[in-house]
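Since the model is a prediction, treat every value here as computed from it, not as a measurement.
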Amino acid sequence: MGLFSKSAGSTGKHSTATIIAQGCSFKGDIELSGNIQVDGYIEGRIRTEKTLSISATGRVSGEIFASKVVINGLHEGACHADSIEILEKGKAKGVIYTNDICIERGGCFHGQTYPADKEKVVTISKEEPVKAAEAAPLTPPTQLKSAEISSTADKSAVPAAATTVKPAASATSTVTAPVTDTKKQVNARK
């Protein structure tokens with residue numbers, strides 16, 4: 001496979017990882033949907049949907065959110081992951097939030113562990129905008145003042161029966177509000 005072949009830029013299930021090379025340092029937040037391998041130094045927050053690997057020469061100082069974290073270098077800070085492995089040369093210092101942790105002989109962990117949240121640790125998604133009708137809260141109907149009733153009766157017909165308003169589809173109750181008889185009020189004023 002050549003450098004300029006058609007498949008050189010293609011991505012698939014087994015696409016390569018983003019690599020922070022040895023001798024390279026990065027300060028700031030990183031957010032990606034693929035794998036990342038750190039051979040250099042990162043200071044900041046890392047958020048990935050897949051695996052974060054810190055090699056023997058790699059160092060990460062900051063908060064991590066990942067599906068899986070493999071530490072063979074040094075990590076300092078909080079780590080939120082579904083699965084964490086600390087390999088024989090790995091050192092982790094800080095707070096770990098996970099339900100699955102493995103520390104190999106020679107690996108070192110200084111800190112505290114807590115169970116992961118019930119929700120998935122990492123989700124990076126493109127949310128669809130909420131429709132205005134779904135986002136607007138329903139307000140209960142109110143009674144009109146007598147001046148508003150008379151002007152409403154002149155412009156359009158207002159039903160004399162009670163008005164029923166149905167709340168959102170998830171609710172099961174019905175809200176009813178009495179509407180006064182506008183014809184009687186209009187006739188009484190004449």
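The same ILVMFWY cluster, assembled from side-chain heavy atoms under 4.5 Å apart, contains both I84 and I36. By the rule that hydrophobic residues join a cluster once side-chain heavy atoms approach within less than 4.5 Å of another member, I30 and I19 end up as members of separate clusters.
Judged by distance alone, with hydrogens and angles left aside, the side-chain atoms of N99 form a donor-acceptor pair with the main-chain N or O of A116 at under 3.5 Å. Side-chain atoms of S67 never come within 3.5 Å of backbone atoms of T51 as a donor-acceptor pair (strictly under, hydrogens ignored). Checking side-chain atoms of S55 against main-chain N and O of V38 turns up a donor-acceptor pair under 3.5 Å.
Residues satisfying the salt bridge (Lys or Arg N to Asp or Glu O under 4.0 Å) criterion with K68, sequence neighbours excluded, are E85. Under the side chain to side chain donor-acceptor pair (under 3.5 Å) criterion, T113 pairs with no residue, sequence neighbours left out.
Taking 4.5 Å as the limit, some side-chain heavy atom of H80 sits within range of a side-chain heavy atom of E63. In this structure, the side chains of C79 and F65 stay at 4.5 Å or more apart for every pair of heavy atoms. With a 4.5 Å cut-off on side-chain heavy atoms, I64 and H75 count as touching.
Considering all non-hydrogen atoms of both residues, S33 and T48 come closest at C-OG1, 4.2 Å. Minimum heavy-atom separation, E88 to N72: N-OD1, 3.9 Å. Scanning all heavy atoms of the two residues, the minimum distance from A66 to K50 falls at CB-O, 3.8 Å.
Side-chain contact annotation: Q37 with D39, donor-acceptor N/O pair under 3.5 Å present.
Other cluster members for L87: V70, joined by side-chain heavy-atom distances under 4.5 Å among Ile, Leu, Val, Met, Phe, Trp and Tyr. In the hydrophobic clustering, L74 connects to no other residue, as no ILVMFWY side-chain heavy atoms lie under 4.5 Å from its own.
In this structure, NZ on K91 lies 13.0 Å from CD1 on I54, to the nearest 0.5 angstrom. Summarising the geometry, atom OG1 belonging to T18 is positioned 5.0 Å from atom CG belonging to L32; distances are rounded to the nearest 0.5 Å.
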Tell me which donor-acceptor pairs under 3.5 Å the side chains of residues 20-29 have, and how far apart each pair is, sequence neighbours excluded?
from: D29; atom 1: OD1; to: R45; atom 2: N; distance (Å): 3.1

Hey, can you pull the donor-acceptor pairs under 3.5 Å for the side chains in residues 100-112, sequence neighbours left out?
from: D100; atom 1: OD2; to: S83; atom 2: OG; distance (Å): 3.4
from: Q112; atom 1: OE1; to: Y114; atom 2: OH; distance (Å): 3.2

